[in-house]
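Working notes, beginning with the structure itself.
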Amino acid sequence: VEASIPEPQRAAWKKFQANGFISQEDFEREVVRHVETTLARSMFNCDETAAYAAASLAFRDRLITEWNRTQQRQTFADGKRVYYLSLEFLMGRALDNAMLNVGLKDVAKNGLSDLGFRIEDIIDQEHDAALGNGGLGRLAACFLDSLASLNYPAWGYGLRYRYGIFKQEIVDGYQVEVPDYWLDFNPWEFPRHDVVVDIQFYGNVRKYQDEVGKQIAVWEGGEIVKAVAYDVPIPGFDTPTTNNLRLWSSKAASGEFDFQKFNSGDYESSVADQQRAETISAVLYPNDNLERGKELRLKQQYFWVAASLYDIVRRFKKTKRAWAEFPEQVAIQLNDTHPTLAVVELQRILIDLEGLEWDEAWTIVTKTFGYTNHTVLPEALEKWSVPLMQNLLPRHLQIIYEVNLYFLQSVERKFPKERELLSRVSIIEESQPKMVRMAYLAIVGSHKVNGVAELHSDLIKTTIFKDFVKIFGPDKFTNVTNGITPRRWLHQANPRLSELIASKTGGIGFLKDLNLLNELEKYVDDKEFKKEWAEIKYANKVRLAKHIKTTTGVTVNPAALFDIQVKRIHEYKRQQMNIFGVIHRYLTIKAMTPEERKKLAPRVSIFGGKAAPGYWMAKTIIHLINNVGAVVNKDKDVGDLLKVIFLEDYNVSKAEIIVPASDVSEHISTAGTEASGTSNMKFVLNGGLIIGTCDGANIEITREIGENNIFLFGNLAEDVEDLRHAHTYGSHTLDPDLVKVFEEIKKGTFGDATAFGALTGAIEDHGDYYLVSDDFHSYIQTQALVDEAYKNQDEWISKTIMSVARMGFFSSDRCINEYAESIWNVEPLSPKKETAPGLLM
Ligand code: 73E
């Protein structure tokens, strides 16, 4: 529907055009207006929740203006756009970020103070937008920040889950999951009740030949669910560009309820139908690095992918271009295999709905898509059962079979004698039941495949995707090392450090060009600078100590070494090795004389992270950490020398408090298992050192900051296979220190030992798949080196300054520029260019 205002009436529109506030006075006026009108309250009942709501609405209004202009500018420029498809966007809080990105935090701070509020308290009212599990979802959020900050015409597409990742409570040392109902009040989203797409499921395919003998396929019957768009503005830093994140929400197609059923007296089942439709976008699957093949998950994937593609294709069709130009206007990035059905859906649209020939369509499809792989863990690689797909998406399954047929034919032509190769690379696994291998489909359907750190990108080429390198050649595979946004992870989380850096590097320019951090190298031996640097770290530790006190009741000494491991709980990330190391430390302290104890550096071991609700082993690790804490923290012999803390409900906003407070953080995955890791980058950027294995981005961090500034230990990825083989087929002797730790656990020192049998058993009796015993000795030794190094504070501080100075590479801006150049072929669109009038989206 054309809804553009005719030329003669546009003058009135321009006269009354919305323009967000800039001054403190205007900000205060907007806040009071929202309190009094939008919220229908007054100064006599305005609590912090209301003040948060009003301040957010004021900023939201401020964003809308630039957001509309950005969309107009991008439409008028008529260039290529990037679409980032991700099932997860772990955004965290929006208000603080919006204030900083538009450069009005001071205005807001003074304005709120004038109205009787402290800005920190107001920021703290916001509920995290937690639409993700861990690193994959947070990466998508950092990418949106960089895309907007660098002025790329880009959209994010995701699902508007009613429930984000669950809230974690610790009860008697156990994880308890509480639903995260976060949409009660969300000022950051705009429902677009006019942007609705019908999504079809089930049904069957009718095939016939038309008058000229062409095969036609019609997907008919089944059921329809509506996808409603909700838009979230994404402000760039220090630029007017404000991009859009579009999240889809599911709704029953028949409206409020099904009148036929209602009239026939079947009210309950008509409401039930509606609820079933709404279930699709109800909940985020809480598994990180694990796929369980549930039908509802596949429904989510198709629902989101089909709605997004409909939207993208609609936007392209408005330009009236030939289909062959589609890949010059559209780049779609698949964040892992979760959106791989998009490949099939676009092919279906082109051949079934738009009447293109197969080959013509397939050329367009493969030029459009890029696929990012995030993991090599076998349990995380998506496979969907053929019968399930046949039932839910019958036409898509046919297209997948056809894609596979042509692909295998081409492989056969190229490698005529290799029968084995054909079954190895087939998109269909010949198992019982047959399975669709989504990663293979994503590779075949894309023009580029990338890993997320150098080691990982090499590994996928030599292991899981080896055959595909042989088939497509090595150039189809590339690396784009992950990055993080310095806006949230330095400027927002650590304002004092950001300010200090700005004072030495010529202003806030480093937040847009992180390589400017290099300037800090000049100050590694500057006494005055080091003193300020150390004071900021101490203040951040005091802040975390307060948080620990209020949330756990435990008092920790901010002068102690803060040793932090916060991330999803997973056996491959080896929190179990960390807690075994803590027990070893505890036993060592207990065996020391008082004289010896005086020489030891006091330590606080801090853990945080969620376990997937069905991941028993991960939950057992949490239980052990809490039980060890309960024993150690009240042991008078130990006192301040060791405290063990488990922080409940680790999330983005808590990370903003935790990350700036670390002395050492742990990134200790079994070599070859952590594709990249991104919190390693956050910790170093905030002046913490890391202890880590030669895995993921740790390797590149080492290369950048220098091996003297990192504590590396453990076996290398290239040795893992042999070690595992030796565990299973050779004799497997455990590390003697680890054996002592196990004895202590079995004695019942940390509560009923049977609870932890699975943990010790995995190492003693079940092959120690994650090589905990193999790496334990080197881990303990390296922790001793950390203790020693920490005693020399002067040198320690120099190391942290040197490291921060060399972290420029890990900005997500660098990362996004690499994607833009080597995968998407898109250019930024400078906001300075004149905008054409009246081009509303
Ligand atoms: O190493 C991290 C990586 O830094 C990796 O484990 C994580 O992605 C991060 C960003 O690249 C990741 N998450 C998942 N796969 N890799 C995943 C898989 C299935 C469901 C949810 C998340």
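These values consider heavy atoms only, across backbone and side chains, with no hydrogens, waters or symmetry-generated copies. Along the sequence shown, residues are numbered consecutively beginning with 1. When a ligand or atom number is given, it counts from 1 through the structure's own listing order.
Between Asn335 and Leu87 the shortest side-chain heavy-atom distance does not fall below 4.5 Å. Between Asn133 and Asn287 the shortest side-chain heavy-atom distance does not fall below 4.5 Å.
With respect to Glu429 and Lys434, no salt bridge is recorded, no charged nitrogen being found less than 4.0 Å from a carboxylate O. Lys654 has a carboxylate O that lies under 4.0 Å from a charged side-chain N of Asp649, or vice versa, which qualifies the two as a salt bridge.
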N/O pairs closer than 3.5 Å, ligand 1 and protein:
unit_1   : atom_1 : unit_2 : atom_2 : d
ligand 1 : 1 (O)  : Glu674 : OE1    : 2.6
ligand 1 : 1 (O)  : Ala675 : N      : 3.3
ligand 1 : 1 (O)  : Ser676 : N      : 3.1
ligand 1 : 1 (O)  : Gly677 : N      : 3.2
ligand 1 : 4 (O)  : Gly677 : N      : 2.8
ligand 1 : 6 (O)  : Asn289 : ND2    : 2.9
ligand 1 : 6 (O)  : Tyr572 : OH     : 3.2
ligand 1 : 6 (O)  : Glu674 : OE1    : 3.1
ligand 1 : 11 (O) : His374 : ND1    : 2.7
ligand 1 : 11 (O) : Asn482 : OD1    : 2.8
ligand 1 : 15 (N) : Asn289 : OD1    : 3.4
ligand 1 : 16 (N) : His374 : O      : 3.0

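No donor-acceptor contact under 3.5 angstrom links the side chains of Asn482 and Thr678, judged on distance only.
Exactly one residue among Lys167, Lys610, Lys619 makes a salt bridge (charged side-chain N to carboxylate O under 4.0 Å, His left out) with Glu177. That residue is Lys619.
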